[in-house]
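Reviewing the structure listed below.
Reckoned from all heavy atoms, side chains included, excluding hydrogens, waters and symmetry mates. Since the model is a prediction, treat every value here as computed from it, not as a measurement. Counting starts at 1 for both ligands and their atoms, in listed order.
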Amino acid sequence: MGSILFLFSWYIMMTIAANIPVNGYRNNRHQPYEKKRSSRPNIVLILADDQGWNDVGWNNPDVITPHLNWLARHGVILNNSYVQPMCSPSRAAILTGKYPHRLGLQWSVIGGNQPKFVPRKTPMLAEKLRQKGYRTHITGKWHLGHCSDDLIPTSRGFDSFFGILRGWSDYFTRILDWSQITMRSSEQGASYDFWRNENVYLLQDGSYNTDLFTEEAVKIIDAHDQKKSPMFLYLPYTSPHFPLQVPQPFKNLYQNETDTKRQTYLGMVSSLDFSVGRVVTALKRNGFMDNTVIIYLSDNGGAQNFGGSNLPLRGDKSDLWEGGTKSVGFVYSPKFLGQQGCIHPGMIHAVDWFPTILDIAGHNQGVLSKIDGVSQWQYIKQCYGSARNEFVYNIDDFVAKSAAIRVGDYKLILGDPRVNVFDPITNHPVPIDPNNREVRLFNLKSDPSEGHNLASEMPDQVILMIRKLHEYRRDSIAAQNPINVSPNITDRKSVV
Ligand SMILES: *[C@@H]1O[C@H](CO)[C@@H](O)[C@H](O)[C@H]1NC(C)=O
Ligand SMILES: *[C@@H]1O[C@H](CO)[C@@H](O)[C@H](O)[C@H]1NC(C)=O
Ligand SMILES: *[C@@H]1O[C@H](CO)[C@@H](O)[C@H](O)[C@H]1NC(C)=O
Ligand SMILES: [Ca+2]
């Protein structure tokens, strides 16, 4: 108990300190002995799960994220960075550089019992980095295919995996059980989901998943030998995704929050922040900060029915509005960024991280073919400009029959903007309307909250953008939507 109190008084002090200008890590006179470094930077990619636009300290001062604030304010804040509206497609785009409609992942996520996955022939980021001599680790949530051994992280480029294979699980029991969420679902059964590499890692000590991922990350950092190789550490946390669970002291940080869901959710955001602080401390302690690039993103917008908020943006997790697709994020690196402490206005899409990270790793961009992403590294470093002027939000001609595209300041949405079957407010399954023929056009520069549909005023712009969508849809493949199979994930081999 005493140590918890100590921890939290320290946490409050950090919160205060985070608002005071401090020296960069390089000026810190307690800088540890610097190990000889490899010529290529370590890359730490931290992914939050369902953290909304209004759920970080730099967008909303009521959110207590001192470590994230510090890193963001001393790095480059990404203010025009986009992802897919849900977990699996977003993670697939980030780790392959391809739009989900070219992977068959444009519809919803990979269900807990669904044999659905990133196509086997698609090269993934960790494989490419490993070829470049990187040590590659993932601790956290995979959610890119789990129905057979050749789809899990250690078969897709990672030297080590510690975490969960599916979309979520109880933070303390590590069991996925839909009845816990009160969400009606076609998925039945409850099963355990926590792994070390290819093996079930059974842990029934009541520890909190966020802490487990963090402790593993710290161990990986402490064990890493920079003289031998650079490191890619992928940290896809499950926070603040449901179920709403957090150790009480973090909830106590929001005693004035009257919405109990929001209170717990914000506690989860602060516990995530606390974890990021521990990871950064480990990087500093090992003398790695001078040779590391940290990238922080959320995989999609906040889910309002589980405490998230995307205000002032319109929409929610699982839809094509800005609230579902505009991600919070930053890049921090005292060594490699040209501009620091700035807000980057450049347009970035999830598919850009694959070539951008390979660019940081010194990979020749010319040999990357058949991807949709472009390296944004030079633009992020200068905190201005972009390698793109347009991107696809999604194209689903198979299940939802909807699409959305961005060109310059304009955004076109065709059909039902939701891509999930659950109503975000009531949690009840509300089938997508594939016959919805609505056309919506917005100027996001003058109307970032998508309030004023310009479609009837600007028919030429609508036609131009529909033409562009047709070009992108040429490479589309059918949406994978297989029926559910065995619910017992620990018996993975029986599934396919
Ligand atoms: C960042 O994005 C928000 C939301 O779209 C926008 O309102 C704001 O003006 C942007 N800030 C900067 C500095 O560009
Ligand atoms: C909660 O509200 C009280 C009364 O307005 C205020 O004194 C206190 O500082 C607030 N606490 C937090 C954590 O915001
Ligand atoms: C799930 O599969 C594992 C491994 O085959 C087995 O030990 C366990 O009993 C199964 N659980 C259920 C609920 O069938
Ligand atoms: Ca998510």
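- Rounding to the nearest 10°, we obtain 80° for the angle at the Ca ion (ligand 4) between D299 OD1 and N300 OD1.
- Protein heavy atoms are found inside the 4.0 Å sphere centred on atom 14 (O) of ligand 1.
- Seen from the ring of F442, R440 does not count as a face-on cation partner, given the 6.0 Å and 45° thresholds.
- Between Y393 and Y82, the two ring planes are perpendicular [angle over 60°; tilted spans 30° to 60°].
- A salt bridge does not link R314 to D319: none of the charged nitrogens lies less than 4.0 Å from a carboxylate oxygen.
- Residue, atom and distance of the protein heavy atom nearest to atom 2 (O) of ligand 1 are N79 ND2, 2.5 Å.
- A ring pair (Phe, Tyr, Trp, His ring centres under 6.0 Å) with F162 holds for exactly one of F213, Y201, Y234, W142; it is Y201.
- In this structure, atom 7 (O) of ligand 1 is not in close contact with the protein, since no protein heavy atom lies within 4.0 Å of it.
- Considering the Ca ion (ligand 4) as centre, the angle to OD1 of D49 and to OD1 of D50 is 80° (10° rounding).
- Inclusion of C87 in the first shell of the Ca ion (ligand 4) is supported: an N, O or S atom falls under 3.0 Å.
- The contact set between ligand 1 and W53, taken as ligand atoms under 4.0 Å from a residue heavy atom, comprises 2 (O), 3 (C), 4 (C).
- The protein non-hydrogen atom at the shortest distance from atom 4 (C) of ligand 1 is K326 NZ, 3.4 Å.
- Y208 and F172 have tilted rings, their planes meeting at an angle from 30° to 60° on a 0 to 90° scale.
- Classification of the F330-W58 ring pair by plane angle, with boundaries at 30° and 60°, yields perpendicular.
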